[in-house]
Amino acid sequence: MLDKKVSELLNNQINKEFYSAYLYLDFSNYYYDQGLDGFGNWFKIQAQEERDHAMLFIQYMQNNGEKIELGAVDKPSVTLSGAKSVLEETLKHEQYVTSLIHTIYDAAYSVKDFRTMQFLDWFVKEQGEEENNADNLIKRFELFGDDPKSLYMLDNELGARVYAAPSLVL
């Protein structure tokens, strides 16, 4: 059985991961509406990853005999004001998710819950990759976004992204 606070934070993270999936689906739709199908594809796959993250938290809770309480998933409230602003919002959101993971890790550390810390190690690494990916997209957009031919090539590259399920063993 997990510490009460750790369990609550893990349960809350499930909802946050589902929100992330909704947010990235919203971003995906924005790009599809703009005719940037590659960007739309990239964010659709990102949404799938976030959904899988939620499922990993659910499985971890179940494996530890914890009751899961699913909350309502909020409608994304980000105002989308341009292709670059969406990328900037992505980085801000990933930094926020990183802070949530660190909070859970800190709570687990404070009660010497090494099993949960080990579970979260994968997410700590994943969040580093997510922030790096978001930052790189911003930099690449800044380099190529004003040139239609370069933006077309970047959009095609992002359209080639395929989904790969996470390989975390619980």
Does any non-hydrogen side-chain atom of [Y] lie less than 4.5 Å from one of [X]?
{"X": "Gln62", "Y": "Ile68", "answer": "yes"}
{"X": "Leu23", "Y": "Tyr19", "answer": "yes"}
{"X": "Glu17", "Y": "Val97", "answer": "yes"}
{"X": "His93", "Y": "Tyr96", "answer": "yes"}
{"X": "Glu130", "Y": "Gln46", "answer": "yes"}
{"X": "Asp121", "Y": "Tyr105", "answer": "yes"}

Next on the checklist: Holding to ring-ring contact (aromatic ring centres under 6.0 Å, His included), I want the full list of residues that pass it with Tyr31, two or more places apart in sequence or in another chain.
Outcome noted: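 Phe39, Phe43.
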Next on the checklist: The criterion is ring-ring contact (aromatic ring centres under 6.0 Å, His included); which residues satisfy it with Phe18, sequence neighbours excluded?
Outcome noted: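 ring-ring contact (aromatic ring centres under 6.0 Å, His included) check on Phe18 returns nothing, list empty.
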Item to check | Asp113 side chain to Ala108 backbone, donor-acceptor under 3.5 Å | outcome: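 Looks like no, no N/O pair under 3.5 Å.
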Next on the checklist: Using modelled atom types and a 3.5 Å cut-off, is there a donor and acceptor pairing between side-chain atoms of Asn15 and backbone atoms of Leu70?
Outcome noted: no
Item to check | Which residues share a salt bridge (Lys or Arg N to Asp or Glu O under 4.0 Å) with Glu69, sequence neighbours left out | outcome: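 Partners of Glu69 by the salt bridge (Lys or Arg N to Asp or Glu O under 4.0 Å) criterion come out as none, since no residue qualifies.
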Item to check | By salt bridge (Lys or Arg N to Asp or Glu O under 4.0 Å) - contacts of Glu94 (at least two apart) | outcome: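 Checked Glu94 against salt bridge (Lys or Arg N to Asp or Glu O under 4.0 Å); zero matches.
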Item to check | Hydrophobic cluster identity match, Ile101 and Leu56, side-chain contacts under 4.5 Å | outcome: yes
Item to check | Worked check of side chain to side chain contact (heavy atoms under 4.5 Å, CB included) between Trp42 and Glu157 | outcome: CA-CA 9 Å; Trp42 195 92; Glu157 180 183 324; over 6 Å; no
Checklist outcome for this item: Here the side chain to side chain donor-acceptor pair (under 3.5 Å) pairs for residues 70-81, sequence neighbours left out, are Ser81-Ser85
Item to check | Electrostatic pair Asp135:Lys139 at N-O distance under 4.0 angstrom | outcome: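 Salt bridge: yes.
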Item to check | Under-4.0 Å salt bridge between Lys92 and Glu88 | outcome: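 Result for this pair is no, no salt bridge flagged.
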Item to check | Qualifying residue, where the test is side-chain contact (heavy atoms from CB on, under 4.5 Å) with Phe141 and the options are Asn136, Leu87, Asp146, Val86 | outcome: Leu87
Let me have the donor-acceptor pairs involving side chains of residues 147-154, under 3.5 Å, with sequence neighbours excluded, atom names and distances please.
from	atom 1	to	atom 2	distance (Å)
Asp147	OD2	Ser150	N	3.1
Asp147	OD2	Ser150	OG	2.6

Item to check | From CA spacing to verdict: side chain to side chain donor-acceptor pair (under 3.5 Å), Thr116, Tyr60 | outcome: CA-CA 9 Å; Thr116 298; Tyr60 182 76; 2.7 Å; yes
